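The figures that follow rest on heavy atoms only: side chains count, while hydrogens, waters and symmetry mates do not. Predicted, not measured: the structure shown is a model, and the values here were computed from it.
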Amino acid sequence: MGKFTVVHEINCNVDTFWQTFFDKEFNEKLYREGLGFPEFSVLEQRETDTQIIRRAAGQPKMNMPGPVMKLLGNNFRYTEDGTFDKASKQWKWKMTPSTLADKMRQEGSLRVEPLGDNKVRRVAEMVIEAKIFGVGGLMESAAEKGLREGWDQSAVYMNKHLASKQG
């Protein structure tokens, strides 16, 4: 099982960060243009007094070792179910893969910390687990590498997007 944290600075305040994070159009552009997903969509997003609930589905750009690709297949997709707690200002999510759902676990939490007038530190903590004999460790390390790269790219994309709005 792999646990890891990715941290980025995003050039906005806390409220703007979460507004952008829950902007459906921004997300669809981020995943398709910024991260190169062949497919991504927000299936449902609703708000209650205490939380925001979002369900999204995507087909990630696959850059995995051969044995992992063989197991996952060419049409690998996932569904993400997440909940934002308005009180703690924390987003928690769980991914369900289209294949091997009973053997793979990927979940995490996201929070932002204010760093000044127009900057926040985005902190994402993730857990990846693949209980597959022989290739579980390879799957976990490949997934972690892909997630780290994706989060790095999303920070760059989000900062560019925010800069264009301020200009």
Side-chain angles (χ1 to χ4, degrees), residues 1-10 14 17-18 20-22 26-45 51-85 88-115 119-159:
M1 180 169 61
K3 283 185 180 187
F4 64 100
T5 302
V6 289
V7 179
H8 297 96
E9 288 188 5
I10 306 291
V14 172
F17 176 86
W18 290 115
T20 306
F21 184 83
F22 287 110
F26 168 77
N27 273 288
E28 293 183 358
K29 278 186 172 166
L30 164 67
Y31 281 88
R32 289 187 182 148
E33 295 170 15
L35 301 176
F37 277 41
E39 220 174 89
F40 180 86
S41 58
V42 175
L43 303 176
E44 177 193 7
Q45 185 166 304
Q51 57 190 17
I52 299 171
I53 297 139
R54 180 171 73 192
R55 172 171 251 228
Q59 181 182 7
K61 181 174 72 176
M62 298 296 277
N63 190 6
M64 297 269 176
V68 175
M69 283 300 291
K70 196 176 260 185
L71 271 172
L72 295 178
N74 291 333
N75 293 318
F76 178 79
R77 288 172 167 66
Y78 69 84
T79 306
E80 176 190 276
D81 290 288
T83 305
F84 177 72
D85 181 312
S88 68
K89 287 197 188 294
Q90 189 164 22
W91 169 253
K92 291 189 176 179
W93 76 90
K94 186 177 167 83
M95 306 277 243
T96 306
S98 58
T99 45
L100 304 169
D102 56 333
K103 300 198 181 307
M104 290 175 15
R105 178 169 77 115
Q106 186 184 318
E107 54 193 54
S109 65
L110 174 68
R111 67 180 191 279
V112 291
E113 302 160 353
L115 291 177
K119 195 175 283 264
V120 294
R121 178 181 294 124
R122 179 182 76 176
V123 181
E125 295 171 348
M126 289 171 257
V127 177
I128 301 171
E129 188 173 25
K131 294 181 185 167
I132 301 159
F133 182 76
V135 294
L138 181 64
M139 282 183 98
E140 288 172 9
S141 61
E144 178 178 334
K145 181 178 183 275
L147 284 164
R148 284 183 183 277
E149 287 170 2
W151 282 83
D152 289 350
Q153 290 167 344
S154 76
V156 170
Y157 191 88
M158 193 173 198
N159 278 324

Verify side chain to side chain contact (heavy atoms under 4.5 Å, CB included) between Met69 and Phe76, making sure each step is shown before the conclusion. CA-CA 9 Å; Met69 283 300 291; Phe76 178 79; over 6 Å; no
Atom [atom1] of [X] with >12 non-hydrogen neighbours under 6.0 angstrom:
X      : atom1 : result
Asn74  : CG    : no
Asp152 : CG    : yes
Lys119 : NZ    : yes

Between atom [atom1] of [X] and atom [atom2] of [Y], what is the distance when rounded to the nearest 0.5 Å?
X      : Y      : atom1 : atom2 : value
Glu107 : Thr96  : CD    : OG1   : 10.0 Å
Glu39  : Lys61  : CD    : NZ    : 16.0 Å
Leu35  : Trp151 : CG    : CH2   : 10.5 Å
Arg55  : Glu80  : CZ    : CD    : 10.5 Å
Leu71  : Ile132 : CG    : CD1   : 5.5 Å
Gln153 : His8   : CD    : NE2   : 9.5 Å

Answer yes or no: is there a side-chain heavy-atom contact under 4.5 Å between [X] and [Y]?
X      : Y      : result
Met139 : Leu72  : yes
Thr83  : Ile52  : no
Lys131 : Arg105 : no

Between Phe40 and Tyr31, how do the two ring planes meet: parallel, tilted or perpendicular, split at 30° and 60°? parallel
Below 30° counts as parallel, above 60° as perpendicular, anything between as tilted: where do the rings of Trp18 and Phe21 land? perpendicular
Do the numbers put Arg54 on top of the ring of Trp91, so that NZ or CZ is under 6.0 Å from the six-membered ring centre and no more than 45° off the axis? yes
Nearest heavy-atom neighbours spanning [X] and [Y]:
X      : Y      : answer
Pro65  : Leu138 : CG-CD1, 3.9 Å
Leu43  : Ala57  : CD1-CB, 3.8 Å
Leu110 : Ala124 : CD1-CB, 3.9 Å
Val135 : Pro67  : CG1-CB, 4.2 Å

Checking Val7 against Arg121 for the side chain to side chain contact (heavy atoms under 4.5 Å, CB included) test, could you report, in this order, the C-alpha distance in whole Å, the side-chain angles of both residues, the deciding distance, and whether it holds? CA-CA 7 Å; Val7 179; Arg121 178 181 294 124; 3.3 Å; yes
Dump the intermediate steps for side chain to side chain contact (heavy atoms under 4.5 Å, CB included) on Trp93 and Met126, then the final yes or no. CA-CA 9 Å; Trp93 76 90; Met126 289 171 257; 3.6 Å; yes
So, the side chain of Asn75 versus the backbone of Gln59: is there a donor-acceptor pair under 3.5 Å, distance only? no
Between Glu140 (side chain) and Met1 (backbone), is there a donor-acceptor pair under 3.5 Å? yes
Apply the test side chain to side chain contact (heavy atoms under 4.5 Å, CB included) to residues Asp85 and Lys92: give CA-CA distance (whole Å), side-chain angles for both, the deciding distance (0.1 Å), then the verdict. CA-CA 8 Å; Asp85 181 312; Lys92 291 189 176 179; over 6 Å; no
